[in-house]
Amino acid sequence: MSVALALGLGFFVLTAVASVLAVGLVSGYRNTIDLLHQKAKLLVNSEVNQTLLYLESARKQVDFIVEQVATGELEVGPSDEFISMITGALAATPQIISLQFIDQDNRSTGIERQNSGTTLLLRSIREDDDLKQRADWVRDSLKPLWGAPLWREEYRQATLNYHAPAILDDEQIGVISALISTQRLSESITDLETTFGANAFILYGRDKVLAHSLLSFGYDGLTRLIPLPEQAVFGDPVISSIWEEQHPNFIERSMLTMPGIRFVRLGEQGFIVLSRKLEGFTDRPMIVGTYLPSIDLLSEVQRLKWAIILCVAISILSALTAAFIGRQIAQPVKRLSQGALKVYDFELEEVKPLPGSFFRELNDASNSFNTMLAGLRWFERYVPKSLVRRLIRLHDKDGIDSSYRSIAVMFTDIVGFSQILEHMTAPEAAALLNRHFTMLAKCVEVEGGTIDKFDGDSLMAFWGAPEPHEDHADRACRAALLIKREIESENNEQRKARGPGLRLRIGMCTGRVVVGNIGSPGRLNYTAVGDTVNVARRLEELGKTVGRTEEEANILVSSSLRSALVKPFSLAHLGSYKLRGRTERTDVYVLEPGEYGANQERPGQ
């Protein structure tokens with residue numbers, strides 16, 4: 001009986017485990033293909049994002065200067081103010097090698113980057129047909145233009161170029177033009193090769209090479225008529241063969257379900273080429289891509305054959321090791337469950353990567369979980385953790401849906417930040433901003449506020465959403481006063497270390513706005529939209545000339561916020577002002593430190 005029971009149990013376990021493992025192999029194969037697709041998308045998306053950041057940063061610099069000209073805050077021409085502005089712009093965006101203003105008579109004033117530093121540009125472009133043609137187009141269309149790549153002999157490289165019309169008082173006064181280095185673009189995407197172990201490239205259309213590691217230090221044979229190398233004869237054999245017809249094997253064909261993927265075979269070695277179109281930055285679509293040996297990406301599929309051998313061995317031994325197998329299954333499942341609960345609470349810093357398992361199903365689950373965890377850790381760098389937790393708690397409520405809410409909105413901005421940047425390297429500037437924004441975020445979140453965005457050296461935050469607060473105006477005021485105390489404390493420390501001190505302008509307003517998930521299906525932002533947001537921004541701008549302009553933090557608030565206060569704060573009435581973009585005047589108050597119970601309103605000075 002015992003022998004029969006043992007044989008029966010062994011046969012039952014053998015049959016059950018063999019069946020499960022067979023199903024697991026199929027599932028594991030599919031999961032592996034899905035993971036390979038995810039890895040491929042990660043490689044391409046990383047390069048696309050790197051390229052977008054490279055080009056968008058240059059465009060924003062030009063658009064910012066155009067905006068400053070349009071508002072009358074910047075006078076173009078060979079003035080110290082204008083030269084200082086564009087010099088700072090070049091310092092902030094090293095990819096720009098020339099930034100200039102071209103007036104209606106085709107006279108150019110700007111700054112160009114040379115090996116020895118920056119040089120003042122004062123010249124006529126009447127003989128520069130390429131640049132003049134683009135400037136004329138912008139003047140005629142009154143629209144910004146991303147032009148075709150230009151060969152610039154003075155820089156010995158092809159350049160991307162962006163041009164925008166400069167308009168003052170509804171009258172066009174010229175064009176702001178930026179030339180963007182393709183060599184630095186090649187260096188930028190080459191950095192990804194170290195990170196992912198893949199070879200990055202960018203094509204201009206299908207037949208020109210715009211960026212590649214071979215272009216980082218120049219490329220022979222390029223001229224004004226041939227500004228970019230031909231793809232078909234490029235020095236990289238994978239790039240030159242990218243459009244040739246290929247015949248992938250069975251494993252390689254399993255990857256063809258993903259769009260933008262091709263295979264190149266050079267002798268016995270195969271390469272997987274991943275690419276995506278990127279439009280809007282030249283007159284032709286760019287193809288952003290990367291390639292790597294197929295064995296690197298398909299090694300997971302190759303390992304599945306060893307899983308088959310392992311499954312057979314496990315099936316034979318399963319009758320004798322049922323308890324051991326059960327324990328080996330239970331532990332990874334428990335770790336996965338515990339990790340999933342911490343992910344649900346968005347406590348990612350407490351989640352450790354799951355170890356592998358002998359079982360393919362559990363190993364795939366661990367790999368999937370670890371891949372998800374890595375992605376979420378990147379995600380939490382760009383999304384406020386406290387906001388995500390609050391939205392998770394509201395997933396079955398109305399807090400996520402867009403609706404009208406009464407909220408308090410805050411804008412902050414660093415006074416004279418452009419001048420501070422002139423004396424800093426890029427890492428120093430980034431460290432200063434990171435330290436500053438960390439302080440602001442703590443002050444906002446300690447009062448239950450929601451950080452909307454960081455924009456340059458500015459912050460936007462609001463109170464009253466997604467969770468409603470009856471005292472949202474009080475919370476905003478307490479956060480502003482806390483920011484003022486923190487900036488004063490930091491400035492005292494900076495003075496001791498002889499570092500740069502900071503001064504802030506803060507504008508705050510309350511009112512009804514639309515709050516919710518706003519954006520495209522591929523990229524949403526939980527944000528607030530409405531006149532209240534505009535008034536808060538204008539109050540921050542008004543702080544340039546009104547209020548306690550010499551103090552570390554000049555906090556201006558609207559009469560609507562004053563009326564919404566539950567408890568009294570020390571407020572001084574500064575008068576009624578007409579804010580930019582508004583026809584009616586707004587009563588403005590300055591918020592000063594004071595305990596609850598102080599006079600609600602005092603005359604302004």
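Note that the numbering runs from 1 along the sequence shown for the chain.
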TODO: Kindly write out the residues that satisfy side chain to side chain contact (heavy atoms under 4.5 Å, CB included) with L433, not counting sequence neighbours, or none if the list is empty.
DONE: I414, F417, F437, D457

With sequence neighbours left out, what residues match [X] under side chain to side chain donor-acceptor pair (under 3.5 Å)?
{"X": "Q114", "value": "E112"}
{"X": "H436", "value": "none"}
{"X": "R139", "value": "Q104, N106, D136"}

- [ ] Could I get the full list of salt bridge (Lys or Arg N to Asp or Glu O under 4.0 Å) partners for E490, not counting sequence neighbours?
- [x] none

Task: By salt bridge (Lys or Arg N to Asp or Glu O under 4.0 Å) - contacts of D587 (at least two apart) - done: none

Open item on the list: Check this for me: does any side-chain nitrogen of one of E493 and R435 sit under 4.0 Å from a carboxylate oxygen of the other?
Closed with: no

- [ ] Scan for side-chain hydrogen bond (donor to acceptor under 3.5 Å, both in side chains) pairs involving residues 64-88, sequence neighbours excluded, and state none if there are none.
- [x] S84-E422

Donor-acceptor pairs under 3.5 Å, side chain of residues 500-507 to any protein atom, not counting sequence neighbours: which ones?
from	atom 1	to	atom 2	distance (Å)
R503	NH1	T549	O	2.6
R505	NE	E540	O	3.2
R505	NE	E540	OE2	3.1
R505	NH2	D413	OD2	2.8
R505	NH2	E540	OE2	3.1

Open item on the list: Considering only residues two or more places apart or on different chains, which pairs with a residue in residues 159-178 satisfy ring-ring contact (aromatic ring centres under 6.0 Å, His included)?
Closed with: W146-Y162

Open item on the list: Quick test of your reading: applying salt bridge (Lys or Arg N to Asp or Glu O under 4.0 Å), list the pairs with at least one residue in residues 42-63, sequence neighbours left out, ordered by first then second residue.
Closed with: E56-R59, R59-D63

Open item on the list: Does anything in residues 570-586 form a salt bridge (Lys or Arg N to Asp or Glu O under 4.0 Å)? List the pairs, not counting sequence neighbours.
Closed with: D531-R582, E541-R580, R582-E584

Please tabulate, one pair per line, all N/O donor-acceptor pairs under 3.5 Å involving side-chain atoms of residues 91-98, not counting sequence neighbours.
from	atom 1	to	atom 2	distance (Å)
T93	OG1	A89	O	2.6
Q95	NE2	Y54	O	2.7
S98	OG	Q100	NE2	3.2

